2 protein chains.
Amino acid sequence: MIENSGCPLARSRTPASPRRRCAIATPLRSEAANEPKARGRRRSLQAEAAILKATLYLLERQPLRKVTADAIARRAGVSKTTIYKWWPNKSLVALDAYLAGMTEQVAMPDTGSAELDFTQQLKSVMAFYTSPLGRLFCQFLAEGQSDPGFLALFRERFLYARRDTARVMWRRGVDRGEIREEVDGEIVLDLIYGPMIFRLLAGHGSLSDRESEAVVEAVFGGLRRSKNGRRGRARPDVTVSGATVQPGVNPQEAEVV
Amino acid sequence: MIENSGCPLARSRTPASPRRRCAIATPLRSEAANEPKARGRRRSLQAEAAILKATLYLLERQPLRKVTADAIARRAGVSKTTIYKWWPNKSLVALDAYLAGMTEQVAMPDTGSAELDFTQQLKSVMAFYTSPLGRLFCQFLAEGQSDPGFLALFRERFLYARRDTARVMWRRGVDRGEIREEVDGEIVLDLIYGPMIFRLLAGHGSLSDRESEAVVEAVFGGLRRSKNGRRGRARPDVTVSGATVQPGVNPQEAEVV
DNA sequence: TATTGTGGACTGAACGTCTAGTTTAGTAGA
DNA sequence: TCTACTAAACTAGACGTTCAGTCCACAATA
């Protein structure tokens with residue numbers, strides 16, 4: 001227990017495993033149970049804490065890509081080898097620091113109204129995501145675009161946990177008869193959070209409380225205009241053939257242009 | 001005209017400007033008008049085309065970060081110096097290749113119904129974004145997370161053009177009385193596209209035609225359940241979907257990571 | 001003393017630059 | 001018209017730099 005921190009992404013300390021043991025496949029806290037009592041020098045908790053702290057410090061000031069392992073080591077007063085001893089790469093150090101540094105900054109409201117719950121929650125989430133620490137969310141998504149394994153880990157360790165929370169709010173709304181149950185719950189979550197996250201990434205729109213409110217209001221109210229019978233389509237379905245994607249994006253003959 | 005291609009992101013050819021001239025601040029086609037007729041050897045259109053083609057080829061096979069300038073030069077049969085002569089960095093070569101290679105792969109439907117328009121458009125967009133070329137969209141967003149200048153350029157050269165198109169569909173819907181006009185148009189666009197783009201980036205959900213339809217239906221119908229019966233449609237009329245792409249054979253049907 | 005942690009030096013990949021020399025094209029003088 | 005001159009683009013490849021990740025010798029500890 002003392003010898004191993006709670007660092008969920010760190011390498012396993014299993015003696016047999018030499019180096020290239022990737023943390024992604026590593027169980028969370030495999031050791032401590034049937035481990036044959038460690039013999040040599042013990043892992044420095046101080047060094048580990050310093051690494052995570054230094055990582056957070058740097059990541060709050062510049063994008064993940066520009067934070068170097070050397071800089072982390074220097075700031076933490078630790079050798080770079082120590083970092084790579086416990087984490088397979090820089091991104092996972094960052095994710096670990098992020099997870100450790102969050103400590104539930106976003107709460108789950110329960111006001112009795114699903115719409116109000118989601119409004120408060122979205123405002124809270126966006127306030128966090130636009131903070132120095134929260135901005136890491138985008139950095140991780142960005143990193144994931146060139147590292148599928150990392151993206152999967154990020155989903156599992158962060159995204160899904162968040163969605164589980166939000167799903168509870170959705171479920172309550174459905175049970176209370178506030179939310180149409182024929183809309184898939186996963187889509188509901190993406191309807192609520194997707195628009196603002198898109199803005200967060202692309203930077204094309206504001207992210208203030210007002211927008212969070214407007215998004216939830218629109219999602220709940222719908223775009224369709226309901227008064228004096230003008231709810232539906234103006235005309236019946238018309239198939240437009242030219243609206244589809246052009247073929248020829250075959251992966252094989254991808255020599256476009 | 002012959003001497004300069006339409007490459008919108010390339011460096012300006014102004015003789016006075018030596019190197020460090022960033023394309024971001026460069027006017028699109030400043031030359032050709034009052035330029036004192038070029039003297040020396042002319043820019044090789046062949047080399048430029050080869051660079052863009054090679055870049056696309058590589059980018060359709062691996063993420064932007066893993067495509068090196070050396071690899072582009074090698075595949076294009078061109079000196080690396082030639083690349084850096086015309087583009088300030090790799091990312092802008094990629095963006096240029098992307099813009100040049102798209103040639104309007106996604107059309108704007110006009111069916112007479114805003115909801116149907118958006119459904120078809122979203123399906124079309126997502127089919128493109130999940131194609132090898134379209135996947136670059138995510139790469140650019142990712143790149144932009146550590147390079148604000150690039151992100152701004154991406155917004156201007158790509159995102160805003162797309163949104164202008166989509167805004168037309170929204171406007172038509174409002175004018176026809178189909179869409180509640182009190183919902184801000186920019187938010188409408190993000191409501192439609194945000195959820196799927198979020199999925200595209202995080203890889204936590206499917207991106208098939210079915211989801212596109214469900215998103216638009218939910219956005220138009222709203223989540224809120226009215227007291228007397230339901231407000232939105234239980235099932236969207238998606239009869240058109242069969243006319244466009246066959247779901248079974250669709251490569252975009254698969255869950256993307 | 002066996003085992004593990006640590007630090008500095010090291011390797012390799014990649015970006016982007018620089019130099020030297022070659023090719024192409026306009027210009028000017030014979 | 002022919003030819004030398006000059007400006008610009010191109011090629012090849014070496015180079016400087018930064019950074020990720022590794023190696024190895026040594027220090028700390030059960």
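Remember, it's a predicted structure, so these values are computed and weren't measured experimentally. Per chain, numbering begins at 1; letters A, B, ... match sequence-line order.
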Between [N] atom [atom2] and [X] atom [atom1], what is the distance in whole Å?
X: B:K66; N: C:dC15; atom1: NZ; atom2: P; answer: 13 Å
X: B:L92; N: C:dC15; atom1: CG; atom2: P; answer: 14 Å
X: B:N89; N: D:dT17; atom1: CG; atom2: P; answer: 21 Å
X: B:K85; N: D:dA8; atom1: NZ; atom2: P; answer: 9 Å
X: A:I51; N: C:dG7; atom1: CD1; atom2: P; answer: 9 Å
X: A:Y84; N: C:dG5; atom1: OH; atom2: C1'; answer: 18 Å
X: B:R74; N: C:dC15; atom1: CZ; atom2: P; answer: 11 Å
X: B:I72; N: C:dG16; atom1: CD1; atom2: C1'; answer: 13 Å

From [options], pick the nucleotide closest to the side chain of [X]?
X: B:R43; options: D:dA20, D:dC10, C:dG5; value: D:dC10
X: B:R42; options: C:dA25, D:dG21, D:dC10; value: C:dA25
X: B:D70; options: D:dC10, C:dC15, C:dG5; value: C:dC15
X: B:W86; options: D:dC10, D:dA20, C:dC15; value: D:dC10

Under 3.5 Å, which N/O atoms of the protein pair with N/O atoms of nucleotides 11-16 of chain D?
unit_1: D:dT11; atom_1: OP2; unit_2: B:S79; atom_2: N; d: 3.2
unit_1: D:dT11; atom_1: OP2; unit_2: B:T82; atom_2: OG1; d: 2.5
unit_1: D:dA12; atom_1: N7; unit_2: B:S79; atom_2: OG; d: 3.2
unit_1: D:dA12; atom_1: N6; unit_2: B:T81; atom_2: OG1; d: 3.1
unit_1: D:dG13; atom_1: O6; unit_2: B:T81; atom_2: OG1; d: 3.1

Could you pull out all residues at least two apart from [X] that satisfy side chain to side chain contact (heavy atoms under 4.5 Å, CB included)?
X: A:Q62; answer: A:L58, A:K66, A:V67
X: A:S146; answer: B:P63, B:R65
X: B:A142; answer: A:A142, A:Q145

- [ ] Tell me, please, which residues at least two apart from A:F198 pass ring pair (Phe, Tyr, Trp, His ring centres under 6.0 Å).
- [x] A:H204
- [ ] Identify, with sequence neighbours excluded, every residue that meets ring pair (Phe, Tyr, Trp, His ring centres under 6.0 Å) alongside A:Y57.
- [x] none
- [ ] Give the ring-plane orientation class for A:F137 versus A:F158, where under 30° counts as parallel, over 60° as perpendicular and anything between as tilted.
- [x] tilted
Task: Heavy-atom side-chain proximity of A:I51 to A:W86 below 4.5 angstrom - done: no
